[in-house]
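Structure, as structure tokens:
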Amino acid sequence: MTSSPRRSGVLLHPTSLPGPHGSGDFGPAAYHFIDWLVAAGQRAWQVLPLTPLGPGNSPYASVAAFAGSPLLVALEPLVDKGWLAPIDSAETASLPASRIDFGRVLPFRMTRLREAAAAFRQRGDAADQAAFAAFCDAEASWLDDYALFMALDAQYRERDVHCWTAWDAGHAQHDAAALAAARTLLAAEIFFWRFVQWCFFSQWRALKRYANERGVEVVGDLPIFVAHHSADCWAHRNLFLLDAAGEPQVVAGVPPDYFSATGQRWGNPLYDWAAMQRDGFAWWIARMRHELARADCVRVDHFRGFAAYWEIPASCPTAIDGRWVPAPGAALFAALRRALGEVPVIAEDLGVITPDVEALRDDCGFPGMKVLQFAFGGDATHAFLPHNYAASCVVYTGTHDNDTTAGWYATASARERRYAEQYLQASGPQLPQAMIRAACSSVAQLAVYPMQDVLALGSEHRMNTPGMLDCWAWRFRWDDVGAQPARDLARLAATYGRAPIALLEG
């Protein structure tokens, strides 16, 4: 990314988009958002992981690292194809427009996807059937395991079994004969999950192409770890630190930090890095190749875990009793470069950052992150203050884990508020816009603003609070936006060389 032009963009997960079906998706509102970004002089759209949701509706604890979220499949194209009956507005009238009611939206959408899959199987035309078959062949290396995993999972959940380690031995242990029998017995369910993935990737590729053709790059998000109850862990258990029954004896997390006095116990299984290194990091190469096919650049979450990771005994209820264990990040990224060329990565280097993490980031040539909300707790030497930046970084007003800037300002210490007001020469309702201006005017090659900050929204619009439930549900409505935010962003971007100067005349 070091040769990329100065540019700016907006952080918004597609589920937060407007739309008639209870959550944002790849439908018309996503195309309208890209048009809005163009009008606002923005050249990047940063999303959260596009993978299926995990516990707590988090996109960071997915059941599959390679799959796409069924929640993001737009229903309008399925209606247009004749695979789904038009959806009466009365069916969705009770779904909130400014928040995702996951308990109602997920069953509603999955029912519609099943109806579409059944119709496609019965009367899909020859061209679509051929496209579906070609997709299944091209993606078989991960799709076959994923579809079988989901089909088995659905079967076992009817028996109130919620983890693959409690499945019948043949299924849990990947016995070839047991899985062959399951593929025959569950053929219809396997077809459904393949169909949903075909819809997801067909729609996403069209949407990404629309963005790229208009000068907007997509910045993806790659979580470092995967969930224990996932197709990846089930199908590749030899690559994880598991006991004979498949259970993790140590799990991932981070030590106490800004977000939590007891740290964060994520609970993900940890990689057997020695096993991964023996096969040339094949799984990671496949994963990164796949991710770069659905994004132009990838923010790698918890980058410090590639230098050393926090290992927590699975028996510990918090992250306090963990320890740092070295990881072979240099060897991994060298293998990725040999296989894929230079990989366009943003290193999420927040939290407990030590010299070895900085050395790995710099040796790889990856830009790190600066978060302005963290900049005002020290003095003028703080690394997150814009006058201390090098160009090879990406600046954010805040991330998906932060409060909104308006919310942060309302709850910050008196000293932080005073310093921010002096530094930004703004206070009160003007502060979020001043924070965006500081990011935009900095030397950072890329400046990113959460949509909530663009709209100067308060804490009630926060996307996620680490360690808390009932997150990831925020949505906006176009009525909340109006014309002014796009004008303001366009003028800032043009003023500071992140968009054509002609936008100043608009």
Side-chain angles (χ1 to χ4, degrees), residues 25 50-55 57 61-75 77-78 81 83-85 102-103 105-124 128-203 226-237 246:
D25 55 32
L50 298 175
T51 45
L53 302 181
N57 302 311
S62 180
V63 296
F66 290 75
S69 173
L71 188 64
L72 292 173
V73 175
L75 301 181
L78 309 184
K81 284 286 190 179
W83 306 332
L84 190 62
F102 287 102
V105 167
L106 288 170
F108 164 77
R109 282 182 170 268
M110 294 306 292
T111 297
R112 297 303 177 275
L113 291 175
R114 289 187 179 279
E115 292 172 359
F120 170 75
R121 195 172 194 181
Q122 292 171 2
R123 58 179 184 272
D128 286 328
Q129 295 282 1
F132 172 67
F135 170 81
C136 292
D137 288 344
E139 306 296 333
S141 61
W142 65 269
L143 183 61
D144 288 355
D145 284 329
Y146 166 75
L148 178 56
F149 177 85
M150 295 302 293
L152 286 167
D153 190 41
Q155 181 187 61
Y156 279 103
R157 284 181 184 272
E158 293 179 358
R159 292 158 48 180
D160 204 29
V161 175
H162 298 279
C163 183
W164 63 266
T165 55
W167 294 354
D168 295 344
H171 297 154
Q173 301 295 330
H174 241 248
D175 176 75
L179 296 189
R183 287 189 183 96
T184 300
L185 180 66
L186 302 174
E189 187 73 2
I190 290 169
F191 174 89
F192 167 71
W193 289 107
R194 286 175 169 163
F195 170 81
V196 171
Q197 290 305 300
W198 175 56
C199 292
F200 173 95
F201 281 98
S202 299
Q203 292 183 10
V226 302
H228 178 232
H229 184 65
S230 66
D232 309 277
C233 195
W234 169 70
H236 304 282
R237 57 184 295 172

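The analysis underlying the following values was restricted to heavy atoms, covering all of them including side chains, and did not include hydrogens, waters or symmetry mates.
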Between A64 and T51 the two heavy atoms that sit nearest each other are O-CG2, 3.3 Å
Is R183 paired with E189 through a side-chain N to carboxylate O contact shorter than 4.0 Å? no
Flag, side chain of Q203 to backbone of A74, donor-acceptor distance under 3.5 Å: yes
Are W142 and F149 close enough that their ring centers fall under 6.0 Å? no
Heavy-atom nearest pair, A227 first then C233, reads O-CB, 3.8 Å
Using side-chain hydrogen bond (donor to acceptor under 3.5 Å, both in side chains), reason through D153 and H162 one step at a time and then give a plain yes or no. CA-CA 7 Å; D153 190 41; H162 298 279; over 6 Å; no
Taking side chain to side chain contact (heavy atoms under 4.5 Å, CB included) as the criterion, tell me which of L185, V161, L186, D168 meets it with L152. L186
What's the spacing between T165 OG1 and H171 NE2 if we round to 0.5 Å? 14.5 Å
Going by side chain to side chain contact (heavy atoms under 4.5 Å, CB included), name the residues that satisfy it together with A147, two or more places apart in sequence or in a different chain. I190, W193, R194
Rounded to the nearest 0.5 Å, the CZ atom of F201 sits from the CD atom of E139 at a distance of 6.5 Å
Hey, what do you get for OG (S230) to CG (D145), rounding to the nearest 0.5 Å? 11.0 Å
Within the 6.0 Å centroid threshold, strictly below: W198 and F120: yes
Tell me if a side-chain donor or acceptor on S69 pairs with a main-chain N or O of L50 at a distance below 3.5 Å. no
Heavy-atom distance under 4.5 Å between the side chains of C136 and L143, does that happen here? yes
Out of the candidates N57, D25, L53, L113, only one should pair with L71 under the side chain to side chain contact (heavy atoms under 4.5 Å, CB included) rule; please name it. L53
Quick one, F195 with W83, criterion side-chain contact (heavy atoms from CB on, under 4.5 Å). Give me CA distance, side-chain angles, the key distance, then yes/no. CA-CA 12 Å; F195 170 81; W83 306 332; 4.0 Å; yes
To the nearest 0.5 Å, what is the distance between CH2 on W167 and CD on Q155? 9.0 Å
Compare every heavy atom of P55 with every heavy atom of A61, then report the nearest pair and how far apart it is. O-CD, 3.5 Å
What is the minimum heavy-atom distance between Q129 and R121, and which atoms define it? NE2-O, 4.0 Å
So do the side chains of S62 and V226 get within less than 4.5 Å of each other, counting heavy atoms only? no
Which is it for W164 and H174 under the side-chain contact (heavy atoms from CB on, under 4.5 Å) test, yes or no, and what are the steps along the way? CA-CA 10 Å; W164 63 266; H174 241 248; over 6 Å; no
Tell me if the centroids of the rings in F191 and F132 come within less than 6.0 Å of each other. yes
Test your reading of the model: is there a side-chain donor-acceptor pair from R109 to the backbone of V73, 3.5 Å cut-off? yes
For M110 against P70, the heavy-atom pair lying closest together: SD-CB, 3.9 Å
Apply side-chain contact (heavy atoms from CB on, under 4.5 Å) to residues M150 and F192 and explain how you reach the verdict. CA-CA 10 Å; M150 295 302 293; F192 167 71; over 6 Å; no
